[in-house]
Amino acid sequence: MQELDMGATSEGLSRSSFLVLLALADQPRHGLAILDRVLEVSRGEVRLGPGTLYGTIQKLVAAHLIAETPTVPDPADHDSRRRYYRTTPKGERALKSEASRMRALVRAAVAHQVLGER
Amino acid sequence: MLTGATFIRELARGALLLYPVRFRRDHRADFIDAASHLLRRESSTRTPFRALLTTSRVLLVDALASAPGMWMTVATSGSSGALGGRMAESVGTWLRGTRHDLYLATRSAVRLPALTLAIVGTLSLGIGVSTAVFDALDRAILHPLPFARSEELALVVMREARLEGTMAVPLATFQNWRARATSIRPLEVFRRQRVIQSTEAGTETLNGLGVSGGLPAMLGVKPVVGRMLAEADAAPSASAVVMLGESRWRTTFGADRAIVGRVITLSNKPAEIVGVWPAGARLDFEEPPDLVRPLPAGQEYRDGSWVQVIGRVRHGHTAEEVVSELAVLTLPTGSTQLVYRPTIVTPADLLLGKEFVSGVWLVFGGGLLLLGAAIANASQLLLERATERSHELGVRIALGASRERIVRMLLAEGVVTAVVSLGASALIAGAIEAGLAHFEPRLFVEAAGAGLGGRAFVFGAVVAGGASLICTLTAMVRAGRHKLAVVGPMRVTSAASSAVTLLVATQAAMAIVLACGAVLMGQSLRRLSHVDPGIDAERLAELSVSLPADRYPTPTSWHAYLENALERLRAVPGVAGATTSAMPLMLASEMNGLPRLDGEPESTSPSAPLMAVVEAPRDFLRVVGIRLRAGRLYETDERDVALVSESLARSHGGSVVGRWLYLPRSTKAATIVGVVGDVRYAGLADDESRMPAVYLPSPPAASSFIRFFVRTEREPADALSAARQRLAAIDRSVPILTADTGPEVIGRQTARHRFVAVLLGSLATFGFILAMSGIYGAVALSITRRRREIGVRMALGATAERLVAAFVAHGLRPVMAGAIIGGAAVWFVTPFLKALLFRVSAHDPSSEVVGVGLVLLTAVVAAIYPARRISRIDPAKTLRES
């Protein structure tokens, strides 16, 4: 069990925290890019509203799972008004541990043929 | 005009207000950007409208889901550790700010009194009208039976498939249902009854309501004072008890609580008053009862008398299941077909009539249209106010007021407007209801004492809040588009002026639809009041009496009274004749099938029409004024003779005098001695079925219930009071049950038409007022905005008259567009009135001409008035100002 401050329940990370961490896993991104990335990784299933997005960012920053970064992945896309975020090592650990917890859960479900024939 | 992107940005700004201060400070720009981003992304895959809808939904759901959590975080993470830390502080700041906002809002409203009055007036008119109409709808159709779980209550009648009419449930059938039905129970009955109360001063006929013993408990009625009637009171051996109706208790007994326990004499028997029946416990739309009495168990009524069966549908059963169960229980043993089937009727249809119900719904639609127009107009006026105040707001922003402050200030103005409008609209709604109650008193029986109903008040409050919010927000968003922050006059944009055009066009269209509806109903009513009922009702009066059984026990005694009474009535000065008949005016016994004349085969048609059969003395035809068309009248003591109505004669070739007539299913013949004019037994408004009638001679029928008809030479009202005195002189203990003039009886048949016509007419009037204020506002605003242009044109030599003409023409353009839309809309809307129209086509072109003409005339007046301001504009001054 990790010591997560606000972004998590005793069960693990909240769904929005998990998705934001996942969106930042490969490179730093600004808010709107996180919004698009979440839509992309969830295959169009999850639309984060602005309140949830920035609320989650605020929580994850406060829990030191992500941090603001001056590094811009694509200088051509740079906009000085935008704030970019990256995951911290603590955030990466939390994401990994949450993902493996979910994997274990999915494996258990598959073993019980919850999803039908393999 | 408001674009989708602006709307979403404004929505995001609004949503932000739900979040804690820190979040707003840190993420305001990002938040609004993200909202716009969402819209852009949605727009790439959907139509602009769908994209707007989806984005708005995401924004609202997201705000409601995420904001509370953030407030919780703020509350629990206060640095002082206690809950009373930052949260209490921010709540305190918010409250102080709100109080200040409300103060500022009131002050600014008072500063522009004319405009504020116009805004409040427009809004409260819309809210008041729609609330009053909603109240009528609620009382008549949505909740006609004001009891707990009223949706379970069902009224059961017997109905013959081919006929419109209904029949009372036979007593044995009712008792069978009551004992065995499982899908509907308990089953109870109630009926209206005349009750005769004897006091030392004489007798008085009271309006009674008889209820079966279990009815009060089933409905959950609580007494005003004393106790309710119970099952035990209905036991045949129980001593007689009675409850006073609340209105009689208040008016006659001065709401005396000590009345409980007093004994009064009803139908010559003592009965103890046990309590007061509340006025709100209304079972029909008749006058509230003076007395409520238990109907004795097992003999609730005699077959043939009208009672109403009411029950609670058990949970899990549908109306169809109830009907089929009751039908099975009704079937006589060995039979498979029912002539009369049990049917569940909605209270509104049974008590008020289908046409009336559809008319009320239509009027409610009209009320909502008016409300929409009022909101649009108020929003227009608020924009005008914002224009007037653009300097003030500019100064505020320049002095450092945040956009949020300005928004809060405008919202506070919205709240003040809502509260004042709600108060004013309650007055307007009350006035309209008082007016409506004049035409249809049955509907507002309860309202007479209690004022506006609770649901109507909630409706009004929600509408007032919603309306003020909508017009504040639209005015705000539109003002925002005009860059309020820039100090100086606003420039009119083409988008804004097209919104105004659309608004005026819609209002003109609405006014036309309402006006056409009102004109159609007016024409219909006029034609209805000119219909020849077939009798001469102008100088006619009808009275009825009930002979007490102890003083008049035998047919001989009834007959003696009847002869005596007729003689005295004929002696009244100004009375040309008096007679009696069992049926009231304009009603006759109805028979299934048509008569057959000699030499004609018996009709085998399965859908036999109805025929009226009137058995009456010769005098009846003369006194009531049924006209002889051919042949002669019969003598009362003649045998085997008959008179037929004109339509019946016509359907048999015209000359029928001297032929033999057989009534359906009868082999007894009567010679036709004459043909008389048609009487509208099927109802004044029923143009299609001239119900054929046969008149048979019969001596005055004597029963304990006697109906007199009196032909007068002068106003029937005068003769009526003289007739009452004569009857009272014979025997003071015989109560007079009814006394009506002929025009009153005929007038009752047109009451519903009159009610809907008056409703639509008043709505149309309000519609005109709103359309006028809309057109006025639009022209006034365009002159304010184009002052400079007017100045330039005048400087270049244009005369004030030409400019006025140009502005009026400009102002009328949207009205023309509205006339086209309205003219088309009328085509689709008026057919809903069809059931209420009489000898007028729903697509009557003259109503449309009148409607469009009235609106155009109104529009010209409304446009000329503000346009006259142009002549007061001084070009030199205007040019210097700019």
Side-chain angles (χ1 to χ4, degrees), chain A residues 4-11 13-20 23-24 28-69 72 77-85, chain B residues 5 8-46 50-79:
Chain A
L4 295 180
D5 184 6
M6 292 143 83
T9 63
S10 60
E11 301 286 344
L13 290 170
S14 72
R15 190 182 71 147
S16 54
S17 300
F18 180 78
L19 287 168
V20 170
L24 295 176
R29 286 190 158 84
H30 56 76
L32 299 188
I34 297 175
L35 211 69
D36 287 342
R37 181 71 181 153
V38 166
L39 195 71
E40 203 178 312
V41 298
S42 69
R43 296 186 192 170
E45 290 294 316
V46 180
R47 281 187 191 82
L48 286 186
T52 309
L53 172 69
Y54 291 104
T56 309
I57 289 178
Q58 195 170 306
K59 278 191 271 181
L60 292 176
V61 169
H64 305 295
L65 296 179
I66 64 171
E68 260 192 66
T69 170
V72 181
D77 185 38
H78 182 67
D79 183 340
S80 60
R81 288 174 310 175
R82 297 204 190 287
R83 279 180 281 183
Y84 285 80
Y85 300 92
Chain B
I8 288 297
R9 273 203 300 278
E10 296 302 329
L11 193 64
R13 285 195 181 106
L16 260 173
L17 295 176
L18 296 173
Y19 291 92
V21 182
R22 194 180 139 208
F23 179 84
R24 276 186 286 179
R25 201 180 54 219
D26 288 354
H27 299 290
R28 165 178 295 279
D30 290 337
F31 188 96
I32 296 167
D33 264 2
S36 306
H37 182 75
L38 275 174
L39 177 70
R40 273 198 302 278
R41 216 178 45 196
E42 292 297 333
S43 302
S44 64
T45 55
R46 295 163 194 266
R50 301 285 312 174
L52 190 67
L53 222 60
T54 312
T55 314
S56 310
R57 203 188 59 222
V58 169
L59 268 181
L60 290 176
V61 171
D62 176 54
L64 292 177
S66 58
M70 287 185 212
W71 279 107
M72 286 299 289
T73 313
V74 171
T76 50
S77 68
S79 52

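In this text, all values refer to a predicted model and were calculated from it rather than measured experimentally. FYI, side chains are in, hydrogens and waters are out, and symmetry mates aren't considered; it's all heavy atoms of this structure. Letters A, B, ... are given to chains in the order of the sequence lines, protein chains preceding strands, and every chain is numbered from 1.
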- Ignoring hydrogens and angles, tell me if any N or O in the side chain of A:R47 forms a donor-acceptor pair with the backbone of B:V58 under 3.5 Å. no
- Message: Strictly distance-based, threshold 3.5 Å: is any side-chain N or O of B:R9 a donor or acceptor partner for the main-chain N or O of B:S36?
- Response: no
- Do any of residues 33-42 of chain A come closer than 4.5 Å to chain B, heavy atom to heavy atom, and if so which ones, in number order? A:L35, A:D36, A:L39
- Message: Quick check on the interface: out of A:G49, A:G55, A:P50, who has the most heavy-atom pairs with chain B under 4.5 Å?
- Response: A:P50
- Query: Residues two or more places apart in sequence or in another chain: which of them pass side-chain contact (heavy atoms from CB on, under 4.5 Å) with B:P20?
  - Reply: B:F23, B:M70, B:W71, B:V74
- Could you list the residues that satisfy side-chain contact (heavy atoms from CB on, under 4.5 Å) with A:S16, not counting sequence neighbours? A:S14, A:L48, A:T52, A:T56
- Item | Pair B:I32-B:L16, side chain to side chain contact (heavy atoms under 4.5 Å, CB included): steps then yes or no | CA-CA 9 Å; B:I32 296 167; B:L16 260 173; 4.2 Å; yes
- Query: Which one, B:D30, B:T54, B:T55, B:D26, leads in non-hydrogen pairs under 4.5 Å with chain A?
  - Reply: B:D30
- Task: Would you mind reporting whether B:R46 and B:L53 have side-chain heavy atoms less than 4.5 Å apart?
- Result: no
- Go through the structure and list residues passing ring pair (Phe, Tyr, Trp, His ring centres under 6.0 Å) with A:Y54, not counting sequence neighbours. B:H27
